[in-house]
2 protein chains.
Amino acid sequence: MEEKEISQAVISRLPRYFRYLSELKYAGIERVSSQELSDIMKVTASQIRQDFNNFGGFGQQGYGYNVEFLHNEIGKILGLDRTHHLIIIGAGNLGQALANYVNFERRGFLFRGLFDNNPDLHGKKIRGIEVQPMESMEMFVKDNDIDIAVLTIPKTEAVTVAEQLVNYGIKGIWNFAHVDLNVPENIQVENVHLSDSLMKLSYNISRFELDNTK
Amino acid sequence: MEEKEISQAVISRLPRYFRYLSELKYAGIERVSSQELSDIMKVTASQIRQDFNNFGGFGQQGYGYNVEFLHNEIGKILGLDRTHHLIIIGAGNLGQALANYVNFERRGFLFRGLFDNNPDLHGKKIRGIEVQPMESMEMFVKDNDIDIAVLTIPKTEAVTVAEQLVNYGIKGIWNFAHVDLNVPENIQVENVHLSDSLMKLSYNISRFELDNTK
DNA sequence: TAGATTGTTAATCGATTAACAATC
DNA sequence: TAGATTGTTAATCGATTAACAATC
């Protein structure tokens with residue numbers, strides 16, 4: 001069967017659909033039309049239908065979409081029906097914060113290991129998991145079926161550590177280091193560049209003020 | 001003078017240009033052509049020229065772009081030539097991690113206050129700044145010329161706190177809460193939805209494996 | 001059956017890329 | 001002046017929106 005490639009623009013919207021559907025489901029709402037979703041989510045009904053139809057028909061003419069079914073299907077598309085094992089590289093403030101983030105577990109992202117170069121941190125426990133030296137990483141990844149690595153280390157180290165992780169068999173990298181990683185295309189990278197995000201905010205604040213002085 | 005609206009697609013690319021130009025500048029490189037930038041950044045030279053020309057001509061035919069000048073101009077566009085005063089609402093792990101993030105200061109984002117509902121945290125100091133109760137927020141924002149609020153509180157509180165902050169005169173919100181805020185359009189919101197990002201990574205990992213079993 | 005709403009095709013809009021004249 | 005490379009217009013590509021036939 002020929003699968004058409006789904007654009008990243010569509011993918012980016014899926015988690016937001018998923019979130020709103022969770023809420024509707026939680027509120028006990030059984031069905032929803034693209035028009036109703038459009039009203040609460042502030043996107044066009046047309047886009048909603050197009051997006052869903054990338055993955056096959058989830059709705060029914062004259063009825064709309066069953067909330068629970070749709071929620072479940074989008075979850076499956078996002079791979080939330082499976083379990084991911086993740087390690088965090090870099091036990092600084094951000095690494096520890098993410099390690100403590102219990103909500104990820106709920107969606108199947110299981111925090112399994114935490115690594116850092118700093119010997120002072122070794123043995124320190126976060127949510128029951130000890131910080132280990134970087135040297136233990138290879139063995140740990142291989143022994144524990146780790147598929148996602150979270151990089152919260154300085155950019156100077158990030159590129160080489162990423163390459164190592166790829167060699168150890170990792171499948172995806174959640175990259176918080178402020179640098180572009182260079183990995184084979186079979187490895188998925190999702191960047192969270194916080195300072196980029198802050199700069200965008202800064203731009204929009206400045207631009208808005210400029211617009212208003214005209 | 002008529003200013004054409006710049007698309008957010010262009011804005012999103014500016015911080016990355018800025019980053020690469022910082023590196024070139026730091027490496028002592030004086031000039032760069034759109035083609036050279038294209039090679040290292042893996043975007044088309046055409047896009048680079050189009051992007052820059054949204055803001056007027058920064059280059060010179062036959063020569064290319066002066067790295068330092070271009071770096072500086074993009075910094076100005078991003079509003080990095082001014083100072084922002086920010087407060088963080090929510091002194092949990094993530095809030096503390098961001099408060100400790102010294103790099104933002106370098107770009108003119110000055111961390112000024114930290115607020116939390118939890119009395120156990122009140123008085124605790126992060127980088128010399130005491131956690132204050134939420135009740136002190138209003139006065140503090142007004143007295144200290146705060147223009148950016150960072151929301152690292154649970155989504156249940158985020159919407160109302162955002163509304164309060166808007167009333168206190170904040171200009172921009174950096175929102176880490178997993179909810180869409182509802183603020184007037186003169187208030188800039190930049191969302192960092194970590195779990196959305198993780199879901200995208202999850203999708204891409206799943207999708208890649210699916211593609212390979214075909 | 002009549003009404004509602006999807007799935008899907010067609011039209012539009014916007015963003016990216018290509019091409020080249022302008023000019024340093 | 002000749003060569004290089006921008007700035008900018010035109011062409012293409014892709015994503016969004018509109019429209020409506022299919023169908024529950």
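First the proteins, then the strands, lettered A, B, ... as listed; each starts at 1.
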Applying side chain to side chain donor-acceptor pair (under 3.5 Å), can you list everything that pairs with [X], at least two apart in sequence or on another chain?
X: K171(B); value: E209(A)
X: D116(B); value: none
X: Q35(B); value: D39(B)
X: Q164(B); value: none

Query raised in the report: Which of residues 30-48 of chain B have a heavy atom under 4.0 Å from DNA chain C?
Result: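 T44(B), S46(B), Q47(B), in order of number.
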Requested in this report: Go through residues 58-69 of chain A and report each residue with a non-hydrogen atom lying under 4.0 Å from DNA chain C, sorted by number.
Outcome: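 Going residue by residue through residues 58-69 of chain A, the ones with a heavy atom under 4.0 Å of DNA chain C turn out to be F58(A), G59(A), Q60(A), Q61(A), G62(A), Y63(A), G64(A), Y65(A).
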Query raised in the report: Does the N66(B) side chain pair with the main chain of F69(B), one donor and one acceptor, at a distance under 3.5 Å?
Result: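 Yes.
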Query raised in the report: For the side chain of N54(B) and the backbone of D51(B), is there at least one donor-acceptor N/O pair under 3.5 Å apart?
Result: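 Yes, N54(B) side chain to D51(B) backbone: donor-acceptor pair under 3.5 Å.
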Under 3.5 Å donor-acceptor pairs involving side-chain atoms of residues 70-81 of chain B, not counting sequence neighbours:
residue	atom	partner	partner atom	Å
H71(B)	NE2	S22(B)	OG	2.8
E73(B)	OE2	K76(B)	NZ	3.2

Query raised in the report: Contact boundaries of DNA chain D with chain A (under 4.0 Å, heavy atoms), 5' to 3'?
Result: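 The contacted stretch runs from dA15(D) to dC24(D).
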Query raised in the report: Charged N to carboxylate O below 4.0 Å: is that the case for R207(A) and E5(B)?
Result: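 No, no charged N to carboxylate O under 4.0 Å.
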Let me check something: any side-chain donor-acceptor pairs from residues 84-92 of chain B under 3.5 Å, sequence neighbours excluded? List them with distances.
residue	atom	partner	partner atom	Å
H84(B)	ND1	D147(B)	OD2	2.7
H84(B)	NE2	S202(A)	OG	3.3
H85(B)	ND1	N144(B)	O	3.4
H85(B)	ND1	D145(B)	O	3.3

Query raised in the report: Does DNA chain C take part in any stems of at least 3 consecutive Watson-Crick or G-U pairs (both distances under 3.5 Å), and if so, which ones?
Result: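 Looking at DNA chain C, the stems formed by three or more consecutive pairs are C:3-24 with D:3-24.
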Query raised in the report: Is R127(B) positioned over the aromatic face of F111(B), cation under 6.0 angstrom from the ring centre and no more than 45 degrees off axis?
Result: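 No, a cation-pi geometry is absent between R127(B) and F111(B).
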Query raised in the report: What pairs with K200(A) under salt bridge (charged side-chain N to carboxylate O under 4.0 Å, His left out), at least two apart in sequence or on another chain?
Result: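 For K200(A), the residues satisfying salt bridge (charged side-chain N to carboxylate O under 4.0 Å, His left out) (neighbours in sequence not counted) are E190(B).
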Less than 3.5 Å apart, which donor and acceptor atoms pair up between the side chains of residues 175-182 of chain A and the rest of the protein, not counting sequence neighbours?
residue	atom	partner	partner atom	Å
N175(A)	OD1	A177(A)	N	3.0
N175(A)	ND2	A177(A)	O	3.3
N175(A)	ND2	V179(A)	O	3.0
N175(A)	ND2	N191(A)	OD1	2.8
H178(A)	ND1	S195(A)	OG	3.4
H178(A)	NE2	S195(A)	OG	3.1
H178(A)	NE2	D196(A)	OD1	2.7
H178(A)	NE2	R19(B)	NE	3.3
D180(A)	OD2	R16(B)	NE	2.9
D180(A)	OD2	R16(B)	NH2	3.0
D180(A)	OD2	Y20(B)	OH	2.5

